[in-house]
Amino acid sequence: MAVVGGGPIGWAIAWRCAQRGLRVVVHDDRPGSGASSVAAGMLSPVAEAYFGEHELTGLLVSSAARWPAFAAELTAASGVDLGHRTEGTLVVGLTADDLAEARRLWSYQQGLALPITPLRPSELRDREPALATRVRGGAVAPGDHQVDPRRLVTALRAAAGRAGVALRPVRVGALSEVDARVTVVAAGCGAAALTGLPVRPVKGQVLRLRAPAGGPPGFRHVIRGYADGEAVYLVPRDSGEVVVGATVEERADTEVTAGGVLTLLRAAAELVPELVEYELVEAVAGLRPGTPDNAPVIGPLPGLPGVVVATGHHRHGIVLTPVTADLVAELIVTGEPDPALAPFTPDRFGKERTWN
Ligand code: GLY
């Protein structure tokens with residue numbers, strides 16, 4: 001079988017399928033260079049549970065529950081430390097309006113019985129003294145963790161290679177160029193041109209800062225918040241890196257703009273003032289593969305027998321990697337789609353598909 005796309009979704013599917021006895025070739029001329037090379041790696045089934053996305057939330061919860069075992073198995077299989085951290089996530093609001101916005105969402109999440117608990121400002125600062133004294137309040141989502149996406153791809157490539165997966169370093173312009181009985185399209189935004197599915201680029205600009213003097217960042221939780229109406233997240237790594245993200249722009253370019261950097265840095269420093277002392281080491285932009293309902297597209301492609309799609313993961317590619325790989329491998333090996341895939345099938349877009 002062939003997998004088109006060497007991001008985490010593609011490599012994880014290839015690894016799982018190879019473990020089940022299939023001969024797999026991944027096709028990608030620049031593996032690991034897409035959205036995952038920019039992503040922060042938040043494993044956030046709770047803080048990213050949004051209004052009206054009930055089925056997507058269920059898939060996020062299912063995949064997040066698989067992450068600890070997935071990380072342990074992958075680390076053992078690859079010898080690569082994934083930077084998987086489990087301190088949890090704080091959701092905070094800088095002003096009264098920001099806090100009201102945050103509270104509106106976490107009240108919805110509590111209504112779904114997801115684990116998120118409001119904290120008083122003093123409790124927030126006990127957990128993270130680096131938070132600005134102006135921060136009005138927040139909540140903790142203890143089950144929202146993080147992983148380093150660049151290390152994840154390195155680990156998946158190594159584990160897949162050890163399981164017998166080969167890499168064909170080519171850019172696939174059409175599915176007719178791929179010679180395989182089964183082809184999985186895991187090409188992120190590139191899936192639109194290959195399949196005609198309505199997958200569109202959603203640009204995200206992201207910064208990487210580094211704590212002074214080679215030390216760790218001055219906070220340990222992932223911090224997500226609103227600061228004067230701007231949404232921002234801060235992801236601290238053991239290496240001293242802090243990822244600051246992200247803009248959400250309906251654009252297809254990957255230029256870093258002064259406005260994007262300004263907006264992210266201002267919001268980040270309002271929540272954690274010490275960040276102004278950090279080194280700015282990287283500013284990049286990536287393209288999330290978005291869909292009309294913000295949910296991924298996973299399953300057989302109608303009209304093209306032997307083609308399975310796994311794309312459209314939008315803001316959730318890293319957290320959804322384990323469940324996507326498990327469900328696609330099961331589908332390919334047994335020929336039977338798991339009922340969990342029903343809300344995410346490619347045929348749900350009907351006429352919105354532009355080519356087959
Ligand atoms: N999941 C975070 C982002 O897409 O920016």
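Between the side chain of Trp67 and the backbone N or O of Pro322 there is no donor-acceptor pair closer than 3.5 Å. Checked by atom type and distance alone, the side chain of Asp98 pairs as donor or acceptor with a backbone atom of Asp228 at under 3.5 Å. For the pair Arg151 (side chain) and Asp81 (backbone), a donor-acceptor distance under 3.5 Å is present. Proximity of a side-chain donor or acceptor of Glu277 to a complementary backbone N or O of Glu274 within less than 3.5 Å is not detected. The main-chain N or O of Val199 is never found under 3.5 Å from a side-chain atom of Thr291 such that the two would form a donor-acceptor pair. In this structure, Glu128 contributes its side chain and His221 its backbone to a donor-acceptor pair below 3.5 Å. Of the possible polar contacts, none joining the Arg251 side chain to the Val202 backbone as a donor-acceptor pair under 3.5 Å is found. Looking only at distances, no side-chain donor or acceptor of Glu282 sits under 3.5 Å from a matching main-chain atom of Arg208. Between the Gln146 side chain and the Pro236 main chain, a donor and an acceptor come within less than 3.5 Å of each other. Judged by distance alone, the side chain of Ser62 and the main-chain N or O of Gly58 form no donor-acceptor pair under 3.5 Å.
The environment of CG in Asp179 is sparse: at most 12 heavy-atom neighbours from other residues, nucleotides or ligands sit within 6.0 Å. Counting non-hydrogen atoms of other residues, nucleotides and ligands closer than 6.0 Å to CZ of Arg210 gives a total of 12 or fewer. Other residues, nucleotides and ligands contribute at most 12 non-hydrogen atoms within 6.0 Å of the CZ atom of Arg136. Atom CD of Glu255 sits in a sparse spot, with 12 or fewer heavy atoms from other residues, nucleotides or ligands closer than 6.0 Å. Within 6.0 Å of the CZ atom in Arg23, the count of heavy atoms belonging to other residues, nucleotides or ligands does not exceed 12.
Taking 4.0 Å as the cut-off between side-chain N and carboxylate O, Glu330 and Arg20 count as a salt-bridged pair. Between Arg85 and Asp238 a salt bridge is recorded (basic side-chain N to carboxylate O distance below 4.0 Å). A salt bridge is defined here as a Lys NZ or Arg NE, NH1 or NH2 lying under 4.0 Å from an Asp or Glu carboxylate O, and Glu48 with Arg315 meets this definition. Between Arg66 and Glu73 no salt bridge is recorded (no basic side-chain N to carboxylate O distance below 4.0 Å).
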**Message:** One pair to check against side chain to side chain contact (heavy atoms under 4.5 Å, CB included): Met42 and Thr89. What are the steps and the verdict?
**Reply:** CA-CA 9 Å; Met42 290 177 296; Thr89 294; over 6 Å; no

**Message:** Run the side chain to side chain contact (heavy atoms under 4.5 Å, CB included) test on Asp338 and Leu331 for me, step by step, so that the C-alpha distance in whole Å, both residues' side-chain angles and the decisive distance to 0.1 Å come before the verdict.
**Reply:** CA-CA 7 Å; Asp338 188 291; Leu331 170 67; over 6 Å; no

**Message:** Is there a side chain to side chain contact (heavy atoms under 4.5 Å, CB included) between Leu131 and Val272? Walk through the geometry before answering.
**Reply:** CA-CA 5 Å; Leu131 281 170; Val272 177; 4.3 Å; yes

**Message:** Quick one, His314 with Leu56, criterion side chain to side chain contact (heavy atoms under 4.5 Å, CB included). Give me CA distance, side-chain angles, the key distance, then yes/no.
**Reply:** CA-CA 11 Å; His314 194 218; Leu56 172 58; over 6 Å; no

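Inter-residue side-chain proximity for Arg127 and Arg220 is flagged as unmet; no heavy-atom pair is nearer than 4.5 Å. At a threshold of 4.5 Å between non-hydrogen side-chain atoms, the residues Leu112 and His54 count as touching. Side-chain atoms of Val3 and Arg168, non-hydrogen and from C-beta on, never get closer than 4.5 Å to each other. Looking only at side-chain heavy atoms (C-beta outward), Ser63 and His316 stay at 4.5 Å or farther from each other. By the 4.5 Å heavy-atom criterion applied to side chains, Ile9 and His313 are counted as neighbours. Side-chain contact between Pro31 and Leu167: present, with at least one pair of heavy atoms (C-beta onward) separated by less than 4.5 Å. Annotation: side chain of Leu74 is in contact with side chain of Leu156 (closest heavy-atom distance under 4.5 Å). Put simply, the side chain of Asp293 reaches to within 4.5 Å of the side chain of Arg348, judged on heavy atoms.
Taken from CD in Gln109 to CZ in Arg103, the straight-line distance is 13.5 Å, to the nearest 0.5 Å. Remark: Ser78 OG to Leu152 CG distance equals 9.5 Å, nearest 0.5 Å. Distance check: Arg16 CZ to Phe70 CZ gives 6.0 Å after rounding to the nearest 0.5 Å. Taken from CG in Leu327 to CD1 in Ile332, the straight-line distance is 11.0 Å, to the nearest 0.5 Å. Note that CG of Leu275 is 8.5 Å distant from CG of Leu265, once rounded to the nearest 0.5 Å. Atom CG in Leu280 sits 6.0 Å away from atom CG in Leu207 (nearest 0.5 Å).
Judged by distance alone, the side chains of Thr345 and Asp347 do bring a donor and an acceptor atom under 3.5 Å apart.
No continuous path of ILVMFWY side-chain contacts below 4.5 Å connects Trp106 to Leu90, so the two sit in separate hydrophobic clusters. Cluster annotation: Val232 and Leu209 are assigned to the same hydrophobic cluster (Ile/Leu/Val/Met/Phe/Trp/Tyr, side-chain heavy-atom contacts under 4.5 Å, transitive). Val243 and Ile223 sit in two unconnected hydrophobic clusters of ILVMFWY residues. Membership requires side-chain heavy atoms under 4.5 Å apart, directly or through other members. In the hydrophobic cluster analysis, where Ile, Leu, Val, Met, Phe, Trp and Tyr join through side-chain heavy atoms closer than 4.5 angstrom, Ile13 is grouped apart from Leu301. If you chain together hydrophobic residues whose side chains sit under 4.5 Å apart, Val172 and Val25 never meet in one group.
Using cut-offs of 30° and 60° for the angle between ring planes, the His145 and His84 rings count as perpendicular.
Smallest separation of non-hydrogen atoms from Val256 and Gln205: CA-OE1, 3.4 Å. Scanning all heavy atoms of the two residues, the minimum distance from Trp11 to Gly6 falls at NE1-O, 3.0 Å. Closest heavy-atom contact between Pro346 and Leu197: O-CD2, 3.9 Å. Summarising the geometry of Glu55 relative to Phe344, their closest heavy-atom pair is O-CZ, 3.5 Å, with the distance given to 0.1 Å. Heavy atoms only, all atoms of each residue included: Ile116 and Gln110 are closest at O-NE2, 3.3 Å. The heavy-atom pair separating Arg150 from Asp148 by the smallest distance is N-OD1, 3.0 Å.
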